[in-house]
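Here the structure is laid out as structure tokens; the discussion comes afterwards.
Here is the naming used below: chain letters follow the sequence lines, and residue numbers restart at 1 for every chain.
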Protein chains: 2
Amino acid sequence: MGITIKDIARETGFSVATVSRVLSNKEGFFSQKTATIINAAAAKLGYKKNMAATELVTQKSNVIAIIVNSTKTNFSEAIIDGIQKKATEANKRVIILYAGDHHAQSQQRALTTALERPIMGILLLSVDLFAENLKLLKSARVPFRFISISFKDPTLNYVASDDYQIGYEATKYLIEMGHRCIGLAGIDLESGAHTGKQRLAGYQRALLENGIIPQKSWIQPGNYSYTAGEQAMLNYHQQKKVTAIITGSDLVGVGLLNQAAKLNLNVPNDLSIIAIDGTYLCKIVQPQLTSVTQDFYQMGYLGAAYLINGQYQNAFTDIEITERQSVKKRSL
Amino acid sequence: MGITIKDIARETGFSVATVSRVLSNKEGFFSQKTATIINAAAAKLGYKKNMAATELVTQKSNVIAIIVNSTKTNFSEAIIDGIQKKATEANKRVIILYAGDHHAQSQQRALTTALERPIMGILLLSVDLFAENLKLLKSARVPFRFISISFKDPTLNYVASDDYQIGYEATKYLIEMGHRCIGLAGIDLESGAHTGKQRLAGYQRALLENGIIPQKSWIQPGNYSYTAGEQAMLNYHQQKKVTAIITGSDLVGVGLLNQAAKLNLNVPNDLSIIAIDGTYLCKIVQPQLTSVTQDFYQMGYLGAAYLINGQYQNAFTDIEITERQSVKKRSL
DNA sequence: CTGAAAGCGCTTACAG
DNA sequence: CTGAAAGCGCTTACAG
């Protein structure tokens, strides 16, 4: 596949060993003079190192594999930017594999693609692995770490927001804004990750602390999608109880918002919404969605750093409430 | 890095040659009986083939590298899905590289990451390469193809929509809806790709065919972004001339829509909008955006097919007008 | 400072 | 049907 060090050796008269040394910059093992000659020849011939060969002999790789869902998780981009930043600083490469929209088979394909070549580690962006795929991943001797979702299982490492805190803060904020009947919509309570359950726990805690008894009907679980938001709104509308809703993602928030409009409900006058995530989606809808904003860039950066440094502890990144236009103070 | 065929050879008593043959399924070169033994051993030891080694010796690769912009091109997902589909059918792997937000350096990093290992080809998703990076790409002996943008340069292959046709159809549609003063916003006229220029040409053609003289002020170029849409709307508002606008992307359309709302303009009553792209964004805003819808999935599928088959012609994929809520018929 | 040689994990003519 | 051997593009002790 093109020019090799052998070609350069032939061209310059040096041995492949020497060529290899200057091309991989083994300081002290060559004179400046021969370096100049060899580099010139490399440039002239358009040499490109075959990293696969290097990885084969050195038995280590400098590539990080990211596995992402192809589902509409509009925040993966920020996470990836954070990873790239850290990777660049540490002189690592990153490749991305698509795991499809929560299908066992495409998950497996992505995993296999990553595992069947030398990589230094795997970062999984909010992909909730099927049991057999988790087993596959564990059986490989490759470090890995989840980003943006967390687990109870102590053998699984992650960098994520503190989802308990997210549920707690969102609820507390709405209570401070005068709401007492507060919905929680679009979170996944069935998943292997305990993201949804944690948010629910934080939500319940905040309610109880303020003397509010959580009602079962206030909770409309879902899979974090736009349609989950639409469906939840339909259900809330039948009950006519809640005055404010926390949505499991921005997309759930937008679905809910648009369904509310169809039902002739005005947000925030008739109904307040706070979305969890805080990506650009919150800013491009009308009214703009108030959100619990997660620091996705930081998640990516930290996740990459831990992977690169071989650190195995978990970490939480910061969250904050970003006030926009979808929550209204309710006078009692 | 884990179990190798040598380990399996030792375990089973066969030579590495035989192990290799059954593991890579060279039909006719082994008995069913030894296959059973070897496969069992491989499963037991948790063997994972090192494809990098295979690629080194066979001098060919089955991985397709996709290079994408990290910019908010919300349609890349559909393209990638199409590519994955074809790749899976042809038993190829795909890896994705992020080229950042139009920075020469991160483009180069993505390109290098792809080129410094064996790959069968490169697919570039709407990435407008800097001159030096295009040169780098051409100097490698790797087939490549652009997707979703087209070029004049005959050495560059692409699969895209016919942008002339897009400009033409969008304009014709608005004229049929009774509009005569029609804006074109957020398209890039400077880029190396001729996407923007083609759309402009189609637009002008449709205007002229209907006896309308194109006005320079009707054209507000930009970089296909949300902010380009906001800015364009501000400019149009000062002029108060156009009654309908074609936007270079869905995101431009949304930016324009929201800016219009800030200016107390009602879409579609005061102003009609048709967006080019037609991704889910058009459906999650209010009012929903009418669009010239591109078939991104098909672009990806076809692009991958051509790359895999070594076909070098260009191709156009279908477009269609999808009517939603942002264009209103204007009675004359 | 430089070269010859061994070896990373795999495949594949060649011989049997 | 199976094995010994050479080789893909690189790196790195070892010797000089």
Watson-Crick or G-U stems of DNA chain D, 3 or more pairs, under 3.5 Å, by first number:
C:1-3 with D:14-16, C:5-12 with D:5-12, C:14-16 with D:1-3
Rounded to whole Å, how long is the line connecting atom NZ of B:Lys6 with atom P of C:dT11?
14 Å
Partner set under ring-ring contact (aromatic ring centres under 6.0 Å, His included) for B:Phe30, not counting sequence neighbours
none
Would you be so kind as to tabulate the donor-acceptor pairs closer than 3.5 Å made by side chains of residues 16-25 of chain B, with sequence neighbours excluded?
residue	atom	partner	partner atom	Å
B:Thr18	OG1	B:Ser15	OG	3.3
B:Ser24	OG	B:Ser20	O	2.6

Would you mind reading off the distance between A:Ile5 atom CD1 and D:dG7 atom C1', rounded to a whole angstrom?
14 Å
Rounded at 0.5 Å granularity, tell me how far CG in A:Leu123 sits from CD1 in A:Ile67.
9.5 Å
Not counting sequence neighbours, which residues clear side chain to side chain contact (heavy atoms under 4.5 Å, CB included) with A:Phe316? List them please.
A:Tyr158, A:Asp162
Determine, step by step, whether A:Arg117 and B:Glu55 satisfy the salt bridge (Lys or Arg N to Asp or Glu O under 4.0 Å) criterion, reporting the C-alpha distance in whole Å, the side-chain angles of both residues, the deciding distance to 0.1 Å, and the verdict.
CA-CA 10 Å; A:Arg117 61 204 70 234; B:Glu55 291 168 346; 3.6 Å; yes
Integer-rounded Å distance: D:dA4 P and B:Phe29 CZ
18 Å
When the P atoms of D:dT11 and D:dA15 are compared, how many Å lie between them, rounded to an integer?
22 Å
I need the CZ-P distance between B:Arg117 and D:dC10, as an integer number of Å.
13 Å
Just to verify, what does A:Phe130 make a ring-ring contact (aromatic ring centres under 6.0 Å, His included) with, not counting sequence neighbours?
A:His102
Counterpart residues, side chain to side chain contact (heavy atoms under 4.5 Å, CB included), relative to A:Thr112 (two or more places apart):
A:Gln108, A:Glu116, A:Leu136, B:Arg93
Check the distance between D:dG9's C1' and A:Ile3's CD1 and give it to me in whole angstrom.
13 Å
Just compare C:dT11, D:dG9, C:dT2 and give me whichever is closest to any side-chain atom of B:Val57.
C:dT11
Residues at least two apart in sequence or cross-chain that pass side chain to side chain contact (heavy atoms under 4.5 Å, CB included) with B:Ala315, listed by chain then number, are B:Val159, B:Leu302, B:Tyr306
C:dT11 phosphate, OP1 or OP2, under 4.0 Å from B:Gln59 side-chain N/O
no
Just how far, in rounded Å, is P of C:dC10 from CD of A:Glu116?
11 Å
Using the ring-ring contact (aromatic ring centres under 6.0 Å, His included) criterion, which residues pair with A:Tyr98? Sequence neighbours excluded.
none
Residues of residues 15-26 of chain A with any non-hydrogen atom less than 4.0 angstrom from an atom of DNA chain D: list those, numerically ordered, please.
A:Ala17, A:Ser20, A:Arg21, A:Ser24, A:Lys26
Inter-nucleotide P distance (C:dT2, C:dA6), Å rounded
23 Å
Whole-Å distance, B:Lys49 NZ to C:dC8 C1', equals 16 Å
Who are the ring-ring contact (aromatic ring centres under 6.0 Å, His included) partners of B:Tyr224, not counting sequence neighbours?
none
Sub-4.0 Å heavy-atom contacts from residues 31-45 of chain A onto DNA chain C, ordered by number
A:Ser31, A:Thr34
Nearest-angstrom distance from the residue atom CZ of A:Phe30 to P of C:dC1:
9 Å
For A:Ile95 and B:Leu97, run side-chain contact (heavy atoms from CB on, under 4.5 Å): C-alpha distance rounded to whole Å, both residues' side-chain angles, the deciding distance at 0.1 Å, then the answer.
CA-CA 5 Å; A:Ile95 66 175; B:Leu97 294 324; 3.8 Å; yes
Hits for side chain to side chain contact (heavy atoms under 4.5 Å, CB included) against B:Tyr297, two or more places apart or cross-chain, chain-then-number order -> B:Asp81, B:Lys85, B:Asp295
Verify the contact: side-chain N or O of B:Thr54 to OP1 or OP2 of C:dT11, cut-off strictly under 4.0 Å; return yes or no.
yes
